[in-house]
Amino acid sequence: MTRAWFVPGWMDLVLLLIPIPLALATVAWILPGKHDATGPRVVSVAEVRGWEVAPLWVDARSAASYERATIPGALNLTEGRWSEQLPTVLSQWRPERKVVVFCSDEGCRASETVAGRLSGMGIAPVYILEGGWEAWQEQ
Amino acid sequence: MAAAALLLGSHGVLPGDDQGADSADWTQAAGLKWNPMKVEVPAELFQESAEARFKFHNDSDQPVEILSIRTDCGCTTAMLEERVVPPNGYGEIRVVFTFEERTGLQERITRVATDADPESADLLLTTRIPAPLLVTPDLLQWQPEEGGEQRSVELVNQTKLNIKEVNILSREDWISTRVEEVEPGRKFRIQIDPDPVEDQVAVSLGVQVQFEDGQEAVAPVYLLFLGSSP
């Protein structure tokens, strides 16, 4: 006995239904603010200033730039001196405390790299400051 | 961007092989022709830096002055022989990227501004730095109520060489460690057994290995003990 390919049996229905919860789970996963799997989010200076609790500032610029001037309370963390600097950052972090990483300006990518590495280690929530140090100074 | 070092020399014309290269290979930017503007540099295990040379040519009838060269990281230096490029003159910018502790895909941008064009030229050095060791996870966290529970991390050798010896570098006498060989020369388990702590503290341990050829590598493991107050 043959069966038309488009007539669903019970197994076909199960197979057809499997993608639905998968798709829903994927949408929930990528919704902004719902899950950190989307990686660090970009925030503006104004947005951070509106937060009730000050974040943990992480300055991803070079040590020389950091020593010249930085956001008050910021800690220096660069890829090049990661193992030396990370313990200081970790000692100031709490699971509920937001971390905001910045570098020099819009064109600088160090903040993305550092924020990505922190997120990858399970530090959350981590944000990237839009416009970096330049934007902070302008405001 | 960090200001790059400028090494001024006496050359206005570069005696390179590429001067007669096909003009199609040259890209116009910042009032100069560049060849190349993007360089992918292969990196070997244990290599400490990568270098790229970006040649330029002034094909105009006016001199072009290089006003600034800025790198995107303190880890990169850019060197130039002559600031002013005469008409039909050639030159090059040598970029050296020092890896320090970096691994994985790296992109370093050197931005060059001239008096010939308000738009700057972005020179890209790309490299993928191999990591000889992989430690997972590289951050272990203890909640305040977890006291001094024992945890472990896995060390995987990502090279073709076998590991002869593993040592744990630590300045913390309240953390004891033990190394177990899971797969000879290739995979190890490191048991970490801390004493309970009250205040929040973060420390790092160094997993130091010696390969069969005598070369050494160190991979860090970070330990975070969350206290009731930071």
Side-chain angles (χ1 to χ4, degrees), chain A residues 53-56 58-70 73 75-99 102-114 116-124 126 131-134, chain B residues 1-4 48-49 70-77 97-111 120 122 124 129 135-144 169 171-172 197 199-208 218-230:
Chain A
V53 179
L56 174 59
V58 171
D59 187 340
R61 298 175 304 152
S62 68
S65 301
Y66 171 75
E67 280 157 20
R68 269 198 297 276
T70 190
L75 300 171
N76 194 203
L77 181 61
T78 59
E79 271 205 292
R81 294 170 65 189
W82 192 260
S83 62
E84 176 196 335
Q85 296 169 325
L86 183 66
T88 309
V89 173
L90 292 175
S91 65
Q92 296 297 312
W93 176 74
R94 304 284 303 166
E96 68 276 12
R97 193 172 183 194
K98 292 170 179 168
V99 178
F102 65 95
C103 53
S104 53
D105 54 30
E106 207 69 61
C108 167
R109 296 193 205 167
S111 53
E112 290 169 32
T113 312
V114 167
R117 281 189 70 170
L118 287 173
S119 284
M121 296 181 90
I123 303 297
V126 179
W133 169 241
E134 201 174 86
Chain B
M1 280 212 164
E48 292 179 351
S49 64
R70 299 179 78 81
T71 56
D72 66 348
C73 168
C75 55
T76 311
T77 55
F97 167 38
T98 307
F99 298 162
E100 297 168 306
E101 294 182 32
R102 292 171 183 80
T103 57
L105 179 65
Q106 300 286 326
E107 292 182 338
R108 302 269 70 98
I109 295 172
T110 300
R111 186 162 292 171
S120 53
D122 282 352
L124 179 66
I129 307 169
V135 176
T136 46
D138 57 352
L139 171 63
L140 291 174
Q141 288 186 44
W142 280 262
Q143 299 297 323
L169 309 175
R171 282 178 292 190
E172 318 299 332
V197 287
D199 296 330
Q200 178 154 332
V201 60
V203 298
S204 65
L205 305 178
V207 181
Q208 183 186 49
V218 179
V221 183
Y222 304 96
L223 314 181
L224 173 59
F225 301 87
L226 292 160
S228 43
S229 62

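Residue numbering restarts at 1 for every chain, and letters A, B, ... go by the order of the sequence lines.
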*Asks:* Under the side-chain hydrogen bond (donor to acceptor under 3.5 Å, both in side chains) test, which residues partner A/S83, sequence neighbours left out?
*Replies:* B/E101

*Asks:* Show the nearest heavy-atom pair for residues A/S91 and B/A202, with the distance to one decimal.
*Replies:*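 Looking at all heavy atoms of both residues, the closest pair is N-CB, 3.7 Å.
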
*Asks:* First locate atom CG of B/L223, then atom CG of A/L90, and finally report the distance between them rounded to the nearest 0.5 Å.
*Replies:*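 Spacing of CG (B/L223) from CG (A/L90) equals 9.5 Å.
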
*Asks:* Nearest 0.5 angstrom please: A/R117 CZ to B/T103 OG1, how far?
*Replies:*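 With rounding to 0.5 Å, CZ (A/R117) is 5.5 Å from OG1 (B/T103).
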
*Asks:* With a 4.5 angstrom heavy-atom cut-off, which part of B/L224 approaches chain A: side chain, backbone, both or neither?
*Replies:* side chain

*Asks:* Count the heavy atoms belonging to other residues, nucleotides or ligands that lie under 6.0 Å from CD of A/E96, then report whether that count exceeds 12.
*Replies:*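 Yes, enclosed.
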
*Asks:* How many angstroms lie between OG1 in A/T113 and CD in B/E107, if you round to the nearest 0.5 Å?
*Replies:* 9.0 Å

*Asks:* Looking only at heavy atoms and a cut-off of under 4.5 Å, which of A/A110, A/P95, A/A64, A/G80 has the most pairs with chain B?
*Replies:* A/G80

*Asks:* Give the C-alpha distance, both sets of side-chain angles, the deciding distance and a yes or no for side-chain contact (heavy atoms from CB on, under 4.5 Å) between A/E79 and B/Q106.
*Replies:* CA-CA 11 Å; A/E79 271 205 292; B/Q106 300 286 326; 3.5 Å; yes

*Asks:* Which answer fits B/P220, side chain, backbone, both or neither, if we ask what part of it has an atom under 4.5 Å from a heavy atom of chain A?
*Replies:* side chain

*Asks:* How long is the gap from CG on B/D72 to CZ on A/R109, to the nearest 0.5 Å?
*Replies:*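 Rounded to the nearest 0.5 Å, the CG-CZ separation comes out at 7.5 Å.
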
*Asks:* Between B/L139 and A/L86, is the side-chain contact (heavy atoms from CB on, under 4.5 Å) condition met? List the steps.
*Replies:* CA-CA 10 Å; B/L139 171 63; A/L86 183 66; 5.9 Å; no

*Asks:* Give the C-alpha distance, both sets of side-chain angles, the deciding distance and a yes or no for salt bridge (Lys or Arg N to Asp or Glu O under 4.0 Å) between A/R81 and B/E100.
*Replies:* CA-CA 7 Å; A/R81 294 170 65 189; B/E100 297 168 306; over 6 Å; no

*Asks:* For the residue pair A/W93 and B/Q200, what are the closest heavy atoms and their distance?
*Replies:* O-NE2, 2.6 Å

